[in-house]
Amino acid sequence: MALEKINSYEEFLAYCKEHSHSLDIKKGVKGIGEETHLISICSSSGCHASLSQEVYDEFDKYIKENKLEKKIKLSITGCFGFCEKGPIVKIFPEDTFYIQVKPEDAPRIVDNLVKGDKPLLDKLYVNPADNKPIVKQDDIPFYKKQKRIALRDCGLINPESLEEYVANKGFAGLANVLFKYSSDEAIEILKNSGLRGRGGAGFPTWKKWDIARKVPGDEKYVVCNADEGDPGAFMDRSIMEGDPFSVLEGMIIAAKIIQANKGVIYIRAEYPLAVERLEKAIYILREHGLLGDNIMGSGMSFDIEIKYGAGAFVCGEETALIASVEGGRGEPTVKPPFPAQSGLFKKPTNVNNVETYDNVPFIFANGAEAFNCIGTEKSKGTKVFALAGKINNVGLVEVPMGTTLREIIYDIGGGIKNGKAFKAVQTGGPSGGCIPASFIDTPIDYDNLVSIGSMMGSGGMIVMDEDNCMVNIAKFYLSFTVDESCGKCTPCRVGNKRLYEILEKITNGEGTLEDLDQLESLGTIIKDTALCGLGQSSPNPVLSTLKYFREEYIAHVTEKLCPAKECKALARYSIDPKICIGCDICAKKCPVEAISKTDQQAKNPKLFIHVIDDHKCIRCGTCAMHCPVKAISL
Amino acid sequence: MGKEQMSPETQAKYDELEQFIASKGNKEHELIAILHKAQGIFGYLPEDVQRFIAKRLNVPVSKVFGVVSFYSFFTMKKTGKYVIRVCLGTACFVRGSEKILNEFSEKLGIQPGNTTADGLYTLETVRCVGACGLAPVIQVNGKTYGNATVQSVGQILEEYK
Ligand SMILES: Cc1cc2nc3c(=O)[nH]c(=O)nc-3n(C[C@H](O)[C@H](O)[C@H](O)COP(=O)(O)O)c2cc1C
Ligand code: FES
């Protein structure tokens with residue numbers, strides 16, 4: 001079909017009408033024309049790494065070979081969130097949910113559809129609770145407690161199809177803002193919705209926009225923060241890959257309200273697929289007159305450009321981000337002035353996170369009540385979390401604000417891997433803290449998380465089990481901060497380094513009780529004196545673990561013991577004499593000749609049981625790795 | 001800068017870069033995009049390339065160097081034929097990626113951030129490649145391997161020789 005430009009509100013409505021059936025088959029209604037089935041394959045990064053492209057190609061080949069193109073359609077879609085079980089393939093209109101599909105499964109699946117047989121049992125998700133296979137997505141426990149607003153299109157629409165986006169109320173929000181509401185009314189709706197920034201601090205979005213729109217200026221910027229620096233978080237990436245139009249629509253709405261004419265998306269260089277999707281979406285919107293000059297014939301002009309980051313965590317901080325977009329070193333500056341007053345190229349600038357923008361079209365299409373009826377008193381709507389670590393169902397989950405950790409970890413996440421004990425969950429990335437098991441029933445919202453020593457952050461949620469050493473985790477985050485500190489202010493540059501050194505001393509078994517006090521006082525000073533949010537929050541992982549897992553720190557310093565057995569220097573390797581067969585492999589492999597044989601006979605009387613000299617041992621673990629009978633352990 | 005003695009291949013690379021810089025209007029604020037492009041063309045950012053860029057943008061070399069050294073994505077060292085990146089993002093870390101890194105380090109006889117003497121392998125660490133569901137994750141020349149184990153290190157190296 002030739003691309004048509006949408007030149008007025010009427011033309012927009014006509015476009016919506018024309019494509020209103022694009023999602024029918026996915027909603028369980030009969031397909032258009034001869035179409036009997038639709039095979040929808042996840043094409044986001046997680047499934048991509050599990051070879052979803054090969055799966056797609058194999059389906060494509062088999063369908064063409066059998067001349068089924070008219071009946072069985074093939075399509076890509078965004079992240080379903082169930083990344084651990086990828087690649088995911090969904091069959092419509094039946095709504096069958098297949099997991100871990102391999103290229104060689106394609107012919108079987110197509111044949112099965114042609115014959116009209118029951119779903120293939122071996123490709124369904126099996127509920128671990130009762131060992132029964134589950135056919136439909138909504139019946140899988142992982143999805144039951146979720147509520148999808150930010151991810152409303154992810155896994156539903158083809159991220160490269162404007163028709164499908166529009167069929168799910170896309171651009172209805174923008175149309176309302178352009179033709180129905182004054183900017184005062186729009187701000188009022190946003191205020192009523194209760195939307196707060198999803199990038200970390202939870203600043204009310206309406207307030208930010210209200211300030212930016214009141215600052216005079218004929219050139220203003222709308223910036224989307226897609227730096228997603230928290231390692232282990234992938235919400236923003238999944239949204240951009242699965243629903244790029246929504247992020248762009250949110251930015252256009254912001255631009256209309258604050259009267260900006262230029263937009264910038266600042267995105268990590270590590271996200272090539274998200275960039276590709278955004279570029280395609282920008283192109284499509286320009287072709288349709290939804291971006292560029294005279295949007296929807298409303299007289300509004302606004303365009304969006306993509307700018308790359310280059311691997312610096314601090315560039316997620318808004319003033320540093322702006323410095324980086326200007327082509328310089330991404331060093332933060334003191335606020336005020338805030339970006340709304342003097343931001344990109346010294347012009348008034350509004351910076352929001354990807355998920356924040358992504359929520360905006362929903363609010364303006366469905367009304368503030370559709371949003372504020374969900375959540376807690378001060379935190380409305382939902383939050384997307386990237387659930388990872390020692391959990392059964394790693395993936396992307398979206399829950400109403402106020403959901404408890406227990407619901408997320410056990411009901412949605414399926415509990416801890418390998419039946420181990422839950423120990424802690426880390427939220428807020430390098431700026432957040434570790435929450436111990438005793439808070440498992442705390443409802444998650446901005447304020448509750450802060451009150452228990454952590455923070456919402458962007459939504460990374462890392463689950464840890466009994467095998468994770470909390471001192472080592474604190475050290476891990478500190479090493480991250482030390483790497484990423486831009487070096488501009490001393491408390492952050494030097495203070496964090498000192499914190500790291502003390503933690504290193506402790507994990508090496510050389511710490512003292514005074515070191516623990518030192519960690520606490522130094523951490524507090526850094527928080528109070530650092531220049532930007534990076535330094536002001538960097539001691540949080542240390543302070544929260546010290547508060548909740550002090551006994552673990554004490555074991556490291558007084559008993560020289562790592563209870564989780566993770567700290568190598570405190571590990572004691574030993575050979576179990578009951579298992580040792582005297583083969584001598586360990587002694588030969590040991591790089592420092594710390595292993596020798598005793599005079600005690602092994603099973604074979606010609607061979608002798610071995611022992612490790614702890615003073616010589618450098619704890620490299622080579623012996624344990626090579627022991628054929630696994631007699632060596634910590 | 002001795003452009004005369006350049007091999008035709010190198011010359012072609014500089015030409016490509018020059019065109020790109022011109023397409024960006026020789027603007028200083030495009031520096032990061034230009035460095036991305038340059039690293040794509042040359043594989044790394046040697047001093048000569050930085051000088052070249054500085055001249056075209058009419059900024060001091062120190063400005064270019066300041067930006068290159070600030071961002072971890074940019075490298076001034078030539079990389080090997082195969083670039084192995086072990087993810088040390090939190091999701092991968094709690095699932096034991098440090099052990100995998102150590103294994104690579106031991107097997108290749110180099111520390112992270114370095115290249116083997118034969119120029120075959122470069123070992124690097126990254127902070128999350130966005131495939132946390134498959135943690136621990138490693139990438140070789142952009143290809144992702146999920147659920148990596150210490151045992152799989154040897155097999156992966158076998159694949160790239
Ligand atoms: C060290 C540091 C890193 C940050 N990283 C990010 C990030 O990766 N993504 C993000 O959206 N916000 C990040 N922020 C928060 C931003 O400064 C800013 O508050 C946010 O983009 C505002 O958007 P919001 O109001 O929609 O949340 C970071 C802040 C700090 C101090
Ligand atoms: S933490 Fe390794 S891929 Fe995200």
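- Interface remark: B:Lys99 contributes no atoms to any contact with chain A (heavy atom separation under 4.5 Å).
- Neither the backbone nor the side chain of A:Ala274 comes within contact range of chain B; no heavy atom of the residue lies under 4.5 Å from a heavy atom of that chain.
- Contacts of A:Glu305 with chain B are made by side-chain atoms alone, with heavy-atom separations under 4.5 Å and no backbone atom involved.
- For A:Asp465, no part sits under 4.5 Å from any heavy atom of chain B, backbone or side chain.
- Taking A:Glu84, A:Glu270, A:Met625 one by one and counting their heavy-atom pairs under 4.5 Å with chain B, the maximum is reached by A:Glu84.
- Residue with the most contacts toward chain A among B:Gly89, B:Cys132, B:Ala131: B:Cys132 (heavy-atom pairs, distance under 4.5 Å).
- Each of A:Gly328, A:Cys83, A:Ala388, A:Gly229 has some count of heavy-atom pairs under 4.5 Å with chain B, and the biggest count is that of A:Gly328.
- Listed options A:Met464, A:Lys85, A:Lys390 were ranked by heavy-atom pairs under 4.5 angstrom with chain B; first place goes to A:Lys390.
- Counting heavy-atom neighbours within 6.0 Å of B:Asp118 CG, excluding the residue itself, gives a total above 12.
- Taking the six-membered ring where tryptophan is involved, the planes of B:Phe93 and A:Phe476 are essentially parallel, since the angle between them stays under 30° and well short of 60°.
- Ion pair A:Lys307/B:Glu30 flagged as a salt bridge, since at least one NZ, NE, NH1 or NH2 atom sits closer than 4.0 Å to an Asp/Glu carboxylate oxygen.
- Atom CD of B:Glu159 sits in a crowded spot, with more than 12 heavy atoms from other residues, nucleotides or ligands closer than 6.0 Å.
- Only the side chain of A:Val314 comes within less than 4.5 Å of a heavy atom of chain B; its backbone N, CA, C and O stay farther away.
- Interface remark: B:Gln39 contributes no atoms to any contact with chain A (heavy atom separation under 4.5 Å).
- Note that the CG atom of A:Asp467 and the CZ atom of B:Arg95 stand 13.0 Å from one another [nearest 0.5 Å].
- Taking a 6.0 Å sphere around NZ of A:Lys589, one finds it holds 12 or fewer heavy atoms contributed by other residues, nucleotides or ligands.
- Counting heavy-atom pairs under 4.5 Å between each of B:Thr144, B:Ile32, B:Asn102 and chain A puts B:Ile32 at the top.
- For chain A, the nearby part of B:Val150 is the side chain; its heavy atoms alone come within less than 4.5 Å.
- Closest non-hydrogen pair, A:Arg329 versus B:Tyr71, comes out as C-OH, 3.8 Å.
- Of the atoms belonging to A:Phe82, not a single heavy atom falls under 4.5 Å from chain B.
- Between chain A and the residues B:Val129, B:Leu88, B:Val94, B:Val67, the most heavy-atom pairs under 4.5 angstrom are made by B:Val94.
- Put simply, OG1 on B:Thr90 and CE on A:Met461 are 13.5 Å apart, with the number rounded to the nearest 0.5 Å.
- Within 6.0 Å of atom CD in B:Glu47, 12 or fewer heavy atoms from other residues, nucleotides or ligands are found, so the atom counts as exposed in its surroundings.
- Taking each heavy atom of B:Ser72 and A:Gly311 in turn, the nearest pair found is OG-O, 2.7 Å.
- When heavy atoms are compared at a cutoff of 4.5 Å, A:Arg237 approaches chain B solely by way of its side chain, counted from C-beta outward.
- No other option in A:Ala49, A:Gly330, A:Ala312 has as many heavy-atom pairs under 4.5 Å with chain B as A:Gly330.
- With a threshold of 4.5 angstrom between heavy atoms, A:Ser238 does not approach chain B through any atom at all.
- Residue A:Cys47: no heavy atom, backbone or side chain, is found under 4.5 Å from chain B.
- Contact record, A:Cys486 with B:Phe70: CB-CE1, 3.7 Å, taken as the closest heavy-atom pair.
- Taking chain A as the reference chain and counting heavy-atom pairs below 4.5 Å, the highest number among B:Arg127, B:Lys143, B:Gln139 is found for B:Arg127.
- Both the backbone and the side chain of A:Glu331 come within less than 4.5 Å of a heavy atom of chain B.
- Of the listed residues A:Gly327, A:Ala310, A:Ala386, the one with more heavy-atom pairs under 4.5 angstrom with chain B than any other is A:Ala310.
- If you measure heavy-atom distances from A:Phe313 to chain B, you find no contacts under 4.5 Å at all.
- Between chain B and the options A:Ala269, A:Gly395, A:Pro430, the largest number of non-hydrogen pairs under 4.5 Å is found for A:Ala269.
- Around the NZ atom of A:Lys565, the shell of radius 6.0 Å holds no more than 12 heavy atoms that belong to other residues, nucleotides or ligands.
- Residue B:Phe65 qualifies as open at atom CZ: its count of foreign heavy atoms under 6.0 Å is 12 or below.
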